[in-house]
Every structure is written in structure tokens, then in C-alpha cells.
Amino acid sequence: MVWPFGWGGCHSTTWPRLIWMLCVGMSPGSWASHQHFHPHSIKIPGDITLGGLFPIHARGPHGLPCGEIKKEKGIHRMEAMLYALDQINSDPELLPNITLGARILDTCSRDTYALEQSLTFVQALIQKDTSDIRCSNGEPPIIRKPERVIGVIGASASSVSIMVANVLRLFEIPQISYASTAPELSDNNRYDFFSRVVPPDSYQAQAMVDIVKAMGWNYVSTLASEGSYGESGVDSFQQISREAGGLCIAQSIKIPREPKPGEFDKIIKRLMETSNARGVIIFANEDDIKRVLEAAKRANLTGHFLFVGSDSWGAKSSPILDQEDVAEGAVTILPKRASIEGFDQYFTSRSLENNRRNIWFAEFWEDDFRCKLTRPGIKIDSEKKKCTGEERINRDTPYEQEGKVQFVIDAVYAMAHALHSMHLDLCPGAMGVCDKMDPVEGRMLLNYIRSVNFNGGLLLCLTDTADMEEMQWSGGDHQIPDSVCSFPCNPGERKKMVKGVPCCWHCELCDGYQYQLDEMNCETCPFNMRPTPNRTSCRSTPIIKLEWHSPWAIIPVFLAILGILATSFVVITFIRFNDTPIVRASGRELSYVLLTGIFLIYLITFLMIAEPGAVVCAFRRLLLGLGMAITYSAMLTKTNRIYRIFEQGKKSVSPPKFISPTSQLAITFILMSVQLLGVFVWFAVIPPHTIIDYEEQRPPNPEMARGVLKCDMSDLSLICCLSYSIVLMVTCTVYAVKSRGVPETFNEAKPIGFTMYTTCIVWLAFVPIFFGTAQSTEKMFIQTTTLTVSMSLSASVSLGMLYIPKVYVIIFHPEQNVQKRKRSFKAVVQAATMSTRLSQKSNDKQNGETQNKIEPDRTQ
């Protein structure tokens with residue numbers, strides 16, 4: 001079976017260039033120079049001559065067309081053509097009495113060099129005008145008519161086949177390739193005289209995509225030799241992978257036709273820029289494959305890359321010679337083939353004696369057996385052994401039939417069967433080539449080639465994908481390596497896709513209070529919930545409150561207990577010594593009211609720490625400001641009474657109004673009632689209740705999130721509750737300042753003043769601490785502790801400065817707790833006025849003495 005693919009229509013700019021090349025290259029004066037290349041070709045005589053193009057040598061370094069010999073891709077395939085010709089010529093049923101000959105050329109794995117060599121095939125078709133050429137004796141020259149090539153077997157590389165097909169098409173010479181698989185050659189309009197016996201790259205590209213997907217890869221790089229074969233193969237792979245979906249190309253790199261030194265090292269570095277793409281799809285000739293492997297080994301990346309090679313790599317051993325550890329685990333593609341046993345027997349029996357028709361066989365022999373043949377005038381390298389000629393293939397060196405041998409044989413047989421059918425139609429009953437087939441008309445032969453159907457190789461069947469679990473990868477590992485752009489995200493992470501690369505994503509943790517809704521999205525948990533540790537769902541936020549055993553509660557409770565005990569002790573002492581002069585002089589009625597307020601201030605600590613409930617919240621509202629309101633109402637009443645008494649005394653000897661105990665109590669209760677009224681209005685507007693505050697303890701780490709059970713009292717409402725008491729405190733402080741000149745032997749103005757100064761300092765410290773911790777996760781604990789400690793300190797200052805000295809005198813100095821001579825209001829005012837004046841004169845005298853002491857110094 002033959003694959004008909006050709007080229008139909010040449011670009012207009014190509015015609016002049018090609019004709020110019022042919023005319024210049026084949027001018028009569030250049031025949032001799034071109035014949036110089038014939039020793040570098042194989043000529044097999046026959047009635048009909050077939051052309052052959054094989055990559056006998058690799059591409060040469062800069063400046064040289066050819067390099068080292070290719071044992072498998074070159075010699076094996078070329079010998080396969082010779083073998084097929086032998087078989088056909090010895091077959092009495094196929095082309096009887098007709099001998100097929102051949103002109104076989106070396107392409108040196110280079111398309112431009114192959115084009116130059118293939119001009120040999122069209123020599124006989126070029127009409128040469130020799131009328132103006134004469135020999136030295138004046139006679140016309142005798143020019144040997146070149147052999148006519150009726151069809152060409154080859155070439156191997158797609159880039160070479162494309163280049164040669166453009167020339168052969170012009171002269172209607174059919175061409176059958178045994179290895180060119182570029183999809184571009186499937187264009188029958190452009191390459192109408194081209195056929196092939198191997199499936200196009202689109203088939204193996206599909207197989208490569210299937211293999212990549214079977215291994216679970218979704219991120220690979222492609223590497224192609226510059227030219228039709230490599231580029232079209234990669235294009236097919238990319239197109240099929242796009243259609244299949246789920247596969248992304250990390251990088252698509254081309255290997256230049258003429259790579260510069262260090263080029264392959266740069267290619268490896270580029271591949272490592274996307275190191276996750278360990279899979280490398282490689283459409284390259286075997287020379288480039290070998291150099292890629294060498295560069296990977298130099299970069300110490302053995303085992304990193306996982307190559308999936310095209311049929312140009314196939315089962316050949318030459319690309320991986322001495323690079324087996326780098327190539328371990330590579331998967332290569334080959335059309336399904338059958339090993340030709342007859343060829344194995346033929347090739348292994350070849351020797352220097354029986355294979356003289358192959359002009360490159362001696363070079364193959366030296367390379368295969370690592371020895372040196374003796375040549376006249378050439379010294380043998382001392383490091384290499386001398387070839388004896390007794391060496392044998394598959395005995396002294398390993399041998400394995402090259403993968404495309406079958407297809408070379410198929411191509412030759414396709415040409416032979418086409419000629420046989422043509423001979424039967426044009427020369428029925430004739431022995432040998434008849435006039436109708438001399439010369440063979442190319443387009444007619446092409447039609448016969450396209451009609452050939454014979455039992456050749458199995459061309460369409462690609463190797464089945466192996467059981468992946470049984471494959472051995474680098475290092476002997478049986479687990480399929482990864483070649484993915486991004487690994488699956490962990491639970492609680494969402495995919496953030498990379499723009500333009502559907503196989504690549506970044507895994508982003510659902511941060512804060514988010515949980516993973518699906519693989520692409522995160523969602524914030526409801527306000528009363530927090531994400532689970534793996535962030536795949538939400539869970540209820542724990543509820544907390546200030547516990548009695550908390551360090552934040554122990555200190556306030558301790559201070560409150562001490563304060564309650566001290567207050568109770570003072571109250572009991574005052575009750576016991578209720579009729580003593582000190583108790584009576586301190587104003588018993590207001591003292592009991594004031595002590596009640598101090599007691600309530602200490603008591604509020606327990607309500608602030610107790611578990612919130614409707615009753616507890618109600619008492620918090622009621623007592624939080626009431627205790628301070630009672631205390632500072634009583635103090636304000638006292639300081640106001642003292643201030644009014646002595647201000648009145650400066651104007652008149654009659655006492656001011658409302659200074660009796662009853663009046664003082666009435667004033668105090670009026671001031672207290674304002675606080676009570678405000679609290680009851682608050683009760684009516686917003687009944688006391690509890691809330692769970694999920695925002696207060698909601699730190700960045702959701703594991704630390706807590707819902708706080710507390711009364712419905714915001715910071716603003718708390719300050720409003722205390723604001724009236726603060727007004728009373730400030731007013732009391734103002735009166736204390738105004739009464740600071742009154743002698744302490746006559747009243748409590750100075751102790752009250754010191755009390756208020758200290759209280760103001762305490763509350764000035766309270767404000768920044770309270771509001772400065774508003775954003776803290778420990779806000780509830782800090783603010784509760786700060787508030788209760790500040791209130792306890794205020795109460796302790798009042799208790800300590802106003803009543804502890806009195807209790808001390810009552811208990812430890814009862815002799816001072818005696819009745820003194822009563823004085824009238826007028827006497828008290830006069831004594832206070834006189835004391836003030838004496839104090840002023842004393843200050844003036846001190847200032848005068850100081851001046852007298854200073855003046856003598858001025859005169860010196």
C-alpha cells in the first residue's frame with residue numbers, strides 16, 4: 001500500500017531559481033566536475049534505474065557537508081534497498097526479464113546537500129545544446145548519455161524530501177519515501193509526485209498525545225529540529241492537544257539547522273525555565289537528539305527530562321549511544337513494523353569481500369568493529385586495532401534491524417509492482433522493456449504507483465500504549481513521574497489560574513475567615529462561624545465570657561474584696577462611735593451616704609465579672625454610675641457647703657442657707673436622682689439584654705476567634721453612664737480648689753481636695769487605657785479590668801483620705817476624740833480670716849528677708 005501525497009503548483013519565484021540552478025549546474029562544461037561526485041554514489045546497472053536517497057552520513061561541522069557515518073539510519077536502510085532489488089531481480093514472477101538498477105546517493109542529512117546530489121536524477125531529462133562545442137581537432141564532442149532515473153526511493157528526512165520533491169516534480173519523476181512523515185507532504189496539490197509508505201506525523205502526534213494523557217501529564221515542552229519534519233510534527237502535536245484539551249505546552253523550542261557551539265546547552269537551560277514540564281515531546285533528527293542528551297548530561301540533569309520521541313528516534317541505538325542513563329525512561333514512537341528475517345540473514349552475511357558494491361561499507365566496517373582498515377599511504381592509528389576482515393556482524397558486534405528497513409523494502413516493492421502493472425498494460429507478452437516503456441513516462445507511472453496494493457508492512461498501526469505500571473523510569477522507579485504545571489491544591493486552597501495557560505494555576509489559601517467553596521472559589525464563613533482547620537467548611541465560633549479564675553478577674557476581685565472589708569470596717573466603726581465628736585464633726589448623715597456609694601463602687605466589680613444575663617445587665621446599668629454618683633454627690637455637697645460658709649463669712653456674720661444636715665441630704669439625693677432618672681429612661685428605651693459579640697475577638701487567625709457573651713452596653717453607652725459622675729467629680733474638684741485656703745483644723749476641704757486631685761489622675765489614666773485597647777483581641781478583658789480597677793482605686797482614695805485617718809484616731813487615739821469648746825459661727829469665720837492673713841504676712845516677710853540678703857550682693 002502506498003500513501004499518495006504530492007506537491008501541486010510551485011511558487012512563481014521558485015521556477016526561475018530552480019531552472020537557473022539546473023542550467024548552471026548541468027552546463028556542458030560542468031558535467032565533468034559533477035561526475036566527480038559519482039564515486040560517492042552507488043551504481044547498480046539495470047534495464048530500469050531507480051534513484052535512492054539515504055542519510056549515509058550525519059551533517060558535517062561548519063564548512064563540511066558530511067560528518068560521521070550513520071550505521072542504522074544510513075547503512076541499514078540503504079542495504080535494505082539493495083536487498084529489495086536483489087529479491088525483485090531474482091523473482092521470476094515480478095518484472096520477468098527486466099532488471100532493476102539503482103543510483104544511490106548520500107544526502108548527508110542535509111537538505112541543501114541532498115538537493116545538489118539529486119540533480120543527478122534529472123541529468124538525462126535536460127536538453128543540452130552542444131552545437132557550439134568542438135574538440136581540439138574541430139570534431140564535435142562525444143558526451144555519454146546519462147542514465148535515466150524513472151523514480152526515486154527516499155528521502156529519509158521530511159525536510160530533504162520536500163526539497164527534492166520540488167525538483168523531481170518539475171521533471172515528473174515519482175518519489176516514494178520510506179520515512180518522511182511531515183504532514184505538509186500530505187498536500188497532494190503541492191507535492192503531487194510524492195508518495196510514501198509510512199503514515200504522516202499526525203498519526204504519531206495523536207499517539208504521543210494519547211501517551212502523554214495516559215501518563216497523567218498536562219504540561220510538556222516541545223523540541224523540534226528546524227525544518228519541515230520537526231516543525232510540522234510539533235504543529236500537529238499542538239493542534240491535536242488543543243483539540244483534545246487538558247494539555248498545555250510550556251515551551252516550543254526549535255533546534256537551528258546549523259547550531260552554534262553551546263546551542264544545545266542553551267536549549268537545556270531554556271527547558272529548565274519551566275522545570276515542572278519534565279515531559280519533552282521531541283521531533284528531531286537523530287543527530288540533534290544525541291546532542292540534546294549530551295547537553296542534559298553535561299548539565300547534570302540525568303533523569304529529569306522524560307522524552308517522548310518521534311519515529312526519527314524510534315528504536316535506533318545510535319542517538320543514545322553512551323547516553324543510556326539520560327535516555328532511560330524515554331518513550332519513542334514507531335509505525336508498527338515486522339522484522340524482515342531475510343534481510344537479517346542478508347545483512348549479517350555481508351563482509352568486505354562480498355559487499356564491494358556498497359562504497360561506504362568499509363567505513364561502516366571500521367565504525368562498527370572499532371578498527372582501522374589498511375590503506376596505501378595512510379598510517380593506522382596506534383590507538384585503534386587493525387581490521388582483519390574476518391569480523392562478522394552479529395557475532396563480534398551487536399545487531400538489531402533498524403526500524404524503517406521494512407518501509408524501505410516496501411517502497412522499492414511499490415515501485416516494482418507499479419512497473420510490473422505498467423509493463424503488463426503497455427507491453428503485453430513482451431520480454432523486457434518495450435518501446436512504449438522507453439522511456440518510462442513519469443505521470444503514467446505515478447498513476448500505477450497510486451494503484452499499487454500488495455502485502456507489505458502494517459503501516460497504519462501504531463504501537464499500543466504499554467501498561468504504565470510495568471514501565472521502568474529513571475533510577476528503576478516504576479511510578480509514573482509527574483510532568484504537570486501545577487500540582488493539585490491542598491484542601492482549603494483555591495486555584496488561581498495563570499492567564500493564558502489553562503493547565504497552570506497558583507494555589508491560594510483561603511485566608512482569614514474564608515473556606516473553600518469549590519476548587520476555584522473561597523467564601524467567607526457566616527459572622528457567627530469560623531472555618532475548620534482544613535478550611536473546607538465552617539464551624540460554630542466558641543462562646544466565652546470573663547471567668548472568675550481568669551487573671552483579668554482575680555486582681556479586680558481582690559481589690560474589691562479588700563475595699564468592701566475596709567468600707568464595712570469604717571461603717572461599723574462609725575456606727576459604734578456614732579456619738580463621738582469625730583464622727584459627728586465629719587457629718588454623720590453625709591458620711592453614711594458617701595460610704596454607701598463607696599461600697600456600691602466596690603460591689604460593681606462583681607457584677608462586671610459575673611456571667612451576663614438580663615438581671616445582671618440591669619444591675620450593671622443601675623449600679624455602674626450610681627455608686628460614683630452617690631459618692632461624688634455627697635462630696636460635692638460637702639465642698640459646696642464649706643465654700644459657701646467661708647464665702648458668706650467674708651460678707652456677713654449670718655450663716656448661708658441649706659447647710660443643715662437635712663438640707664445636705666436633700667441636695668445629695670437630688671443630685672443622685674439625675675443619675676437614677678437617666679438609668680430608668682435607658683431601661684425604657686432599650687431593655688437590658690445580652691448579646692454575643694463576634695467582632696470583638698476576631699483576630700486574623702480564625703483559630704483564635706471567639707464570640708464574647710456580654711451585656712448590650714457599648715463603649716459609648718458606658719461612657720454616657722459614667723459621664724454624669726465625671727461631671728460631679730470635676731465640679732467637686734473645682735470647689736475643692738476654691739476651698740484650698742481654708743485651714744484644715746476647721747473643715748475637710750483639703751482632704752476632699754487631695755481626694756479629688758488623685759481621683760482625677762486615676763481617671764485621666766483610665767481614658768487612654770480604655771480606648772487605646774478598643775482594637776485589641778483582649779478588649780473585653782482589658783477594659784473590664786481597667787474599669788473595675790479604676791473605680792476601686794477611686795473608691796479607695798476617697799475611703800483612705802476621708803475616713804481612714806478618722807478611724808485611726810477613734811481606735812488608736814481616743815484621747816483626741818473629745819468635745820472641744822463650742823464656738824459661734826462668727827468666731828469660726830474670724831479665726832479662719834485671721835489665719836489666712838497671718839499666712840499671707842508670713843509669706844511677705846519671707847520675701848523681704850530674701851531681698852535684704854540679696855541687695856548687699858548687688859553693691860559688691
Side-chain angles (χ1 to χ4, degrees), residues 490-494 508-518 520-557 604-624 682-683 685-722 766-790:
N490 295 323
E493 295 178 341
R494 74 177 185 92
E508 285 190 350
L509 180 67
C510 296
D511 58 354
Y513 289 81
Q514 296 180 329
Y515 72 99
Q516 184 182 3
L517 181 64
D518 52 46
M520 304 297 294
N521 299 290
C522 294
E523 188 76 17
T524 302
C525 288
F527 74 97
N528 61 340
M529 304 185 80
R530 59 177 180 167
T532 55
N534 62 3
R535 295 182 176 272
T536 55
S537 60
C538 295
R539 54 179 172 161
S540 299
T541 303
I543 309 301
I544 63 167
K545 60 182 181 61
L546 185 57
E547 302 291 345
W548 293 101
H549 56 76
S550 169
W552 297 104
I554 291 175
I555 294 176
V557 168
I604 192 63
T605 296
F606 298 95
L607 291 173
M608 296 298 292
I609 296 175
E611 181 176 351
V615 176
V616 171
C617 292
F619 276 103
R620 280 190 189 180
R621 288 191 189 182
L622 179 63
L623 300 182
L624 182 61
W682 190 7
F683 281 162
V685 175
I686 304 176
H689 63 281
T690 59
I691 61 169
I692 300 176
D693 189 349
Y694 291 99
E695 296 297 330
E696 183 172 313
Q697 288 204 23
R698 197 174 176 88
N701 182 6
E703 291 300 313
M704 305 299 293
R706 299 292 185 270
V708 180
L709 177 63
K710 61 181 183 179
C711 294
D712 185 24
M713 292 177 64
S714 64
D715 294 347
L716 180 62
S717 62
L718 186 144
I719 294 301
C720 291
C721 185
L722 295 176
F766 160 78
V767 171
I769 296 175
F770 186 86
F771 289 101
T773 58
Q775 303 301 322
S776 173
T777 55
E778 303 288 336
K779 172 186 173 183
M780 181 190 74
F781 305 131
I782 297 175
Q783 290 188 344
T784 301
T785 301
T786 303
L787 177 63
T788 53
V789 169
S790 297

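For this chain, numbers begin at 1 and follow the sequence in order. What you are looking at is a predicted structure, and each value in this text was computed from that prediction instead of being measured.
Ring geometry, Tyr694 versus Phe527: the interplanar angle exceeds 60°, so the pair is classed perpendicular (tilted spans 30 to 60°).
Of the candidates Lys710, Lys545, Arg706, Asp693 forms a salt bridge (charged side-chain N to carboxylate O under 4.0 Å, His left out) with just one, namely Lys710.
Of the possible donor and acceptor atoms, none in the side chain of Arg535 sits under 3.5 Å from a partner among the backbone N and O of Glu493. In this structure, Arg494 contributes its side chain and Cys522 its backbone to no donor-acceptor pair below 3.5 Å. Side-chain atoms of Thr788 come within 3.5 Å of backbone N or O of Thr785 as a donor-acceptor pair. Between the Arg698 side chain and the Ala705 main chain, no donor and acceptor come within less than 3.5 Å of each other.
When side chains are defined from C-beta on, Thr532 does not count as touching Tyr515, because their heavy atoms never get closer than 4.5 Å. Proximity of Thr784 to Trp552: side-chain heavy atoms (C-beta onward) are nowhere separated by under 4.5 Å. Side-chain contact between Cys538 and Pro526 is present, with heavy atoms from C-beta onward closer than 4.5 Å. Using a 4.5 Å cut-off on side-chain heavy atoms (C-beta onward), Arg621 and Ser717 make no contact. A heavy-atom distance below 4.5 Å is not found between the side chains of Gln514 and Pro702.
With respect to Glu703 and Arg539, a salt bridge is recorded, a charged nitrogen being found less than 4.0 Å from a carboxylate O.
For the atom pair OG of Ser790 and CD of Gln783, the computed distance is 11.5 Å after rounding to the nearest 0.5 Å. In this structure, Asp511 CG and Thr524 OG1 are separated by 9.0 Å, a value rounded to the nearest 0.5 Å. Rounding to the nearest 0.5 Å places CD of Glu547 at 8.0 Å from CD of Glu611. Interatomic distance, CZ of Arg530 versus CG of Asn701, reported as 9.0 Å (0.5 Å rounding). The CD1 atom of Ile691 lies 11.0 Å from the CE atom of Met713; values are rounded to the nearest 0.5 Å. To the nearest 0.5 Å, atoms SG (Cys510) and CG (Asn534) are separated by 10.5 Å.
Minimum interatomic distance between Leu624 and Leu722 (heavy atoms only, all atoms of both residues): O-CD2, 3.7 Å. Annotation for Phe606 and Trp548: closest pair O-CH2, 3.5 Å, computed over non-hydrogen atoms. The minimum heavy-atom distance between Pro699 and Met704, with the atom names listed, is CG-CB, 3.5 Å. Of all heavy-atom pairs between Arg620 and Pro612, the closest is NH2-CG, 4.2 Å. Nearest heavy atom pair, residue Thr541 against residue Gly707, reads CG2-N, 3.5 Å. Residues Ala614 and Thr690 come closest through the heavy atom pair N-CG2, 4.4 Å.
Heavy-atom neighbours of Ile555 CD1 from other residues, nucleotides or ligands within 6.0 Å: at or below the threshold of 12. A 6.0 Å sphere centred on CZ of Phe619 holds no more than 12 heavy atoms belonging to other residues, nucleotides or ligands.
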For the pair Ile692 and Ile543, evaluate side chain to side chain contact (heavy atoms under 4.5 Å, CB included) and give the outcome as yes or no after the intermediate values. CA-CA 8 Å; Ile692 300 176; Ile543 309 301; 3.5 Å; yes

Can you check side chain to side chain contact (heavy atoms under 4.5 Å, CB included) on Cys720 and Trp682, steps first, answer last? CA-CA 11 Å; Cys720 291; Trp682 190 7; over 6 Å; no

